[in-house]
Amino acid sequence: MVVKVSNLVKRYGDLIALDHLDLEVRDGEIFGLLGPNGSGKTTAINCILSLLSIDKGDIEVFGEKMTPSSYHLKRDIGIVMQNVAVVEELNVLENIDFFCGLYVNDREERKKLVDEAIEFVGLTEFKKFYPKKLSGGLLRRLNIACGIAHKPKLIILDEPTVAVDPQSRNNILEGIVRLNQAGATVIYTSHYMEEVEQICSRICILDKGKMIAQGTKEELKGMIRIGEKITVEFLSGRPEDAVDWMGAMPHVASVECKENRLLIKTEVGKNGLEGILSELKKRDIQTGLIYCELPTLNDVFLEITGKELRDV
């Protein structure tokens, strides 16, 4: 086990930031911490790193108790925090060399590691650039390179794609997968569900400092009663008039009207599309676009908490 957190409690005065949190991160996985802003993700990370004191509980990293002075453990951890942390007075190459030098003293070995990190994040053409000359996406990639250049066994990324363009986001996500494939265990925190769903092998959903669900994508989706989500575009008739009778159909969990469309959720394990199409034909309702999709992590979160994931 790479990380084991048991009965973790962290308070800020009357606020309970982490409420008896238990979680385990296994060797070789990308472990996702998913939750809205303020759910406790960053606090949990800071406690795991022993950057914050805790009120109760135990934290083990690489099988040993983590303390503020556990430098031999921290040497094998790479950290990429949400706020970009680079030195403005140093260029890309110098920044990466500086942070790598905190862990690697040998100059020749460090030069090799820095060159590999620059190539890995795709900053070869920018290694003489200073941070203020980099775009937001390039700056994020520099931040990642600074955190992973020393080849850590455990890499912790706290919302590394905040405020970057889609192309840079994809580049970052692909890089995280490559790091994992190269042997690193990754803890990835985000409130972007699609990212967590894309790259994480197991996921923990936090809300108000508590773990409310944990498992693989498939296991989490199996916890809810929603099966398929069906969208039907009406070309004739009023979709709002169909809400009641369609909601009463077998295996239909819910029906919502949006403009000229109905959004229908069926019960898990049930295929309601055939019956819906048959009933629409029977009522002589002409339809346009009709499509089905499987539930997402957003549906899991809404089902469990009853609120939007991106709410603060």
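When reading the values below, keep in mind they use all heavy atoms of this one structure, side chains included, and skip hydrogens, waters and symmetry mates.
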Problem - From CA spacing to verdict: salt bridge (charged side-chain N to carboxylate O under 4.0 Å, His left out), E219, R202 - result: CA-CA 9 Å; E219 289 170 342; R202 282 197 312 127; over 6 Å; no
Problem - Worked verdict on L206 versus L34 for side-chain contact (heavy atoms from CB on, under 4.5 Å) - result: CA-CA 6 Å; L206 296 181; L34 181 63; over 6 Å; no
Practice task
Tell me, with the steps shown, if Q198 and L173 meet side-chain contact (heavy atoms from CB on, under 4.5 Å).
Solution key: CA-CA 9 Å; Q198 180 180 338; L173 294 177; 3.7 Å; yes
Exercise for the section: Take L23 and Q214 through the test side-chain contact (heavy atoms from CB on, under 4.5 Å) and record every step on the way to the result. Expected result: CA-CA 9 Å; L23 63 85; Q214 180 175 258; 4.0 Å; yes
Problem - Verdict with reasoning, E228 to K265, per side-chain contact (heavy atoms from CB on, under 4.5 Å) - result: CA-CA 6 Å; E228 293 178 327; K265 295 180 180 179; over 6 Å; no
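Figure legend: K10 and Y12 shown as a cation-pi pair, the cationic atom lying under 6.0 angstrom from the six-membered ring centre and within 45 degrees of its axis. Both tests hold for R178 against F120: distance to the six-membered ring centre under 6.0 Å, angle to the ring axis within 45°.
When atom types are taken as modelled, the side chain of E174 and the backbone of N171 share no donor-acceptor pair closer than 3.5 angstrom.
Annotation for E94 and Y130: closest pair OE1-OH, 4.4 Å, computed over non-hydrogen atoms. Heavy atoms only, all atoms of each residue included: S50 and M66 are closest at CB-CG, 3.7 Å. Shortest non-hydrogen contact noted between P295 and G227 is CD-O, 2.8 Å. When every heavy atom of I205 is checked against every heavy atom of L220, the shortest pair comes out as CD1-CD1, 4.3 Å.
Inspection of the E195 and Y188 side chains reveals an N or O donor paired with an N or O acceptor under 3.5 Å. Between the side chains of N46 and T43, no donor-acceptor pair is found at a separation under 3.5 Å. Between the side chains of S6 and D22, not a single donor N or O lies within less than 3.5 Å of an accepting N or O. In summary, the side chains of D299 and T296 do present a donor paired with an acceptor at a separation below 3.5 Å, with no hydrogens or angles considered.
Under a hydrophobic clustering in which Ile, Leu, Val, Met, Phe, Trp and Tyr are joined whenever their side-chain heavy atoms come within less than 4.5 Å, directly or via other members, I96 and V87 fall into different clusters. I79 and L52 fall into different hydrophobic clusters, where Ile, Leu, Val, Met, Phe, Trp and Tyr residues are linked whenever their side-chain heavy atoms come under 4.5 Å apart, directly or through other members. Tracing side-chain contacts under 4.5 Å through hydrophobic residues (I, L, V, M, F, W, Y), one never reaches Y103 starting from I77; they form parts of separate clusters.
The shortest side-chain heavy-atom distance between L123 and K127 does not fall under the 4.5 Å cut-off. Side-chain contact between K210 and H20 is absent, with no heavy-atom pair separated by less than 4.5 Å. For the pair E267/V252, no side-chain contact is recorded, criterion being any heavy-atom separation below 4.5 Å from C-beta on. In this structure the side chain of D207 reaches within 4.5 angstrom of the side chain of P36, judged on heavy atoms.
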Output side-chain donor-acceptor pairs under 3.5 Å for residues 109-119, partner residues at least two apart or in another chain, one line each.
unit_1 : atom_1 : unit_2 : atom_2 : d
R110   : NE     : D97    : OD1    : 2.9
R110   : NH1    : V104   : O      : 3.1
R110   : NH1    : N105   : O      : 3.2
K111   : NZ     : D115   : OD2    : 3.1
K112   : NZ     : E116   : OE2    : 2.8
E116   : OE1    : K151   : NZ     : 2.8

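Put simply, OG1 on T161 and CZ on R169 are 4.5 Å apart, with the number rounded to the nearest 0.5 Å.
The 12-atom threshold is not exceeded at NZ of K4, counting heavy atoms of other residues, nucleotides or ligands nearer than 6.0 Å. More than 12 heavy-atom neighbours from other residues, nucleotides or ligands sit within 6.0 angstrom of CG on D106.
When each of L154, V3, I156 is paired with T185, the side chain to side chain contact (heavy atoms under 4.5 Å, CB included) condition holds for L154 and for no other.
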